[in-house]
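Order of appearance sets the numbers: ligands from 1, and atoms from 1 within every ligand.
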Amino acid sequence: RAKADGRGHFRVFTPSMRDELLRRKKLMNALRLAIVHDELFLLFQPIVDTTTGKTRGFEALLRWRHPELGTIPPSEFIDLAELSGQIVAIGAWVIDQACREAASWPSDLFISFNVSARQLTDNALIACVAKAAATHGIACERMVVEITESTLIDNDAAALSVLHELQAMGCSIALDDFGTGYASLSYLQRFPFDKLKIDQSFLRKLDGENCDDAKIVRAIGELGRQMALTIVSEGVETPEQLALVRSARCALAQGYLFDRPLSPKAARDRLRQEGATVLGIAFERPATA
Ligand code: C2E
Ligand code: MG
Ligand code: MG
Ligand code: MG
């Protein structure tokens, strides 16, 4: 069997493609109930200061525990949720839960969350952020909204006004996966970013201080200084990668070297080990005084 793909080409459907299609259809239907059935949860990955190693904030990363299929990564269901429009409700849930968790951390820590294209241009986003701030008593100044270049491409003007509004409320804006999309550097002028997150692909193949990827990381570090943007390096897995990121003077880093995405409790434990005052600590320790 063959089907036109819209560009005058024909693709053959193999059994494995059919299985894949069925799986996606199944996931899309199941996703409708994921919130109601309490199957979604967040993990929190620390983002650390590259000079002191101290945790400065966490990124909220979404997971879905499907009753039969197990834990499904966002790479498998975010685009489905975008297609069906469910991302708006799911995204609102993410922001609420992320802020709820952040309210238990020291108030100088930020909470970063990912926002997709459809969410960014949905009218409810601003109200959703304001509501999460009010409900959980956390300042918008602690919130970092992460968007990717592809999010901006299709809705330039609408996205721009939402980003300005979020910033006016106090939120920071981070450009995620920097360097991999189609966007040109003119995006850095057009959109009001506070942070750039260097995509982990630049660290992945790192091979010596003088390879091209190392030069790119250093150049992005310099770009950040010139444009007064905070640079976050993603996917730092090895001490060598950290050394590079530091020599490039990237202020913040995130990756398995520091921690994997953590459960809410593990995130609080990490903070406690660092000596931070975490809300609720008195309830978890035997009283001493
Ligand atoms: P992202 O925002 O770029 O998040 C970073 C991804 O890199 C996460 O994958 C994280 O687990 C992974 N990672 C962190 N450190 C390392 C490392 O040292 N090595 C390697 N190999 N990977 C590392 P994850 O959690 O699977 O999320 C994938 C993507 O899904 C995210 O990329 C983000 O674009 C999207 N996503 C996650 N949660 C949400 C959400 O709540 N809403 C939306 N719209 N998208 C989300
Ligand atoms: Mg992100
Ligand atoms: Mg990223
Ligand atoms: Mg990514």
Side-chain angles (χ1 to χ4, degrees), residues 31 34-35 39-48 50 55 57-65 71-102 110-122 125 128-129 132 143-152 159 172-181 183 193-206 220 230-242 244-245 250 252-263 266-267:
L31 199 52
I35 295 186
E39 292 167 5
L40 299 179
F41 63 102
L42 293 179
L43 296 179
F44 296 87
Q45 188 174 34
I47 298 177
V48 308
T50 55
T55 305
F58 290 87
E59 177 175 7
L61 294 161
L62 185 60
R63 297 291 181 269
W64 176 18
R65 197 184 289 111
T71 302
I72 301 165
S75 56
E76 267 201 81
F77 69 89
I78 294 288
D79 66 322
L80 291 178
E82 278 258 322
L83 279 173
S84 66
Q86 293 168 87
I87 192 69
V88 174
I90 291 174
W93 181 89
V94 168
I95 294 170
D96 179 70
Q97 293 296 306
C99 291
R100 192 179 87 147
E101 204 46 48
F110 63 79
I111 173 69
S112 228
F113 47 80
N114 298 281
V115 163
S116 70
R118 192 133 168 191
Q119 246 181 304
L120 191 64
T121 48
D122 186 90
L125 181 65
C128 172
V129 168
M143 299 185 201
V144 182
V145 177
E146 298 195 7
I147 54 173
T148 61
E149 294 170 11
S150 56
T151 306
L152 299 172
S172 297
I173 312 295
L175 181 57
D176 206 349
D177 302 345
F178 180 67
T180 55
F193 301 117
D194 303 285
K195 288 180 169 171
L196 294 183
K197 298 188 77 173
I198 305 181
D199 191 72
Q200 40 183 289
S201 60
F202 294 108
L203 296 186
R204 208 65 329 122
K205 304 168 296 207
L206 206 68
I220 296 175
T230 301
I231 306 295
V232 187
S233 231
E234 283 191 326
V236 175
E237 294 183 353
T238 67
E240 292 73 28
Q241 290 169 342
L242 175 61
L244 166 71
V245 161
C250 299
L252 301 176
Q254 174 179 6
Y256 296 167
L257 179 65
F258 311 105
D259 251 326
R260 301 224 162 209
L262 303 169
S263 71

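Taking 4.0 Å as the cut-off, S75 does not count as a neighbour of ligand 1 on heavy-atom distance. Put simply, no part of P73 is less than 4.0 Å from ligand 1, judged by heavy atoms.
Contacts with ligand 1 closer than 4.0 Å are made by side-chain heavy atoms of E59 only, the backbone lying farther away. Counting heavy atoms closer than 4.0 Å to ligand 1, residue K197 contributes nothing at all. The proximity of V94 to ligand 1, defined as any non-hydrogen pair under 4.0 Å, is limited to the side chain. Heavy atoms of D177 found under 4.0 angstrom from ligand 1 belong exclusively to the side chain.
Remark: R100 CZ is loosely packed, at most 12 non-hydrogen atoms of other residues, nucleotides or ligands lying under 6.0 Å away.
When the N, O or S atoms of E59 are ranked by distance to the Mg ion (ligand 2), OE2 comes first. Take the N/O/S atoms of D177: the one nearest the Mg ion (ligand 3) is OD1. Taking the Mg ion (ligand 2) as reference, D176 places its N/O/S atom OD2 nearest. Closest approach between the Mg ion (ligand 2) and any N/O/S atom of E146 involves OE1.
Nearest-residue assignment for atom 35 (C) of ligand 1 (options P46, P74, A98; heavy-atom criterion): P74. When the options L40, L61, D79 are ranked by their closest heavy atom to atom 31 (C) of ligand 1, first place goes to L61. Of the candidates L42, T148, D176, I87, the one placing a heavy atom closest to atom 2 (O) of ligand 1 is D176. Checking R260, R204, Q200, E146 against atom 6 (C) of ligand 1, the nearest heavy atom belongs to Q200.
Under the side chain to side chain contact (heavy atoms under 4.5 Å, CB included) rule, S233 has a single partner from I198, L196, I220, which is I198.
For ligand 1, the polar-atom distance check against L62 finds a nitrogen or oxygen pair separated by under 3.5 Å. Every N/O-N/O distance between Q254 and ligand 1 stays at or above 3.5 Å. In terms of polar-atom proximity, Q45 is counted as a contact of ligand 1, with an N or O under 3.5 Å from an N or O of the ligand.
Counting heavy atoms from C-beta on, the side chains of F113 and V145 come closer than 4.5 Å.
A donor-acceptor pair under 3.5 Å is absent between the side-chain atoms of D177 and the main chain of D199, judged by distance alone. Of the possible donor and acceptor atoms, one in the side chain of T50 sits under 3.5 Å from a partner among the backbone N and O of C250. Between the Q241 side chain and the E237 main chain, a donor and an acceptor come within less than 3.5 Å of each other. Side chain of R118 to backbone of A81: no donor-acceptor contact under 3.5 angstrom is found. At distances below 3.5 Å, not a single donor-acceptor pair connects side-chain atoms of E149 with backbone N or O atoms of F178.
At a threshold of 2.8 Å, the Mg ion (ligand 2) has a backbone or side-chain N, O or S atom of N114 nearer than that distance.
Salt bridge status for E146 with K195: absent, with no side-chain N to carboxylate O gap under 4.0 Å. In summary, E234 and K197 engage in a salt bridge, as defined by a charged side-chain N under 4.0 Å from a carboxylate O.
The atoms of ligand 1 that sit less than 4.0 Å from any heavy atom of G255 are 15 (N), 18 (O). Counting atoms of ligand 1 from 1 in the listed order, those under 4.0 Å from a heavy atom of S116 are 44 (N).
Contact between V115 and I147 at its shortest, heavy atoms only, is O-CG2, 3.8 Å.
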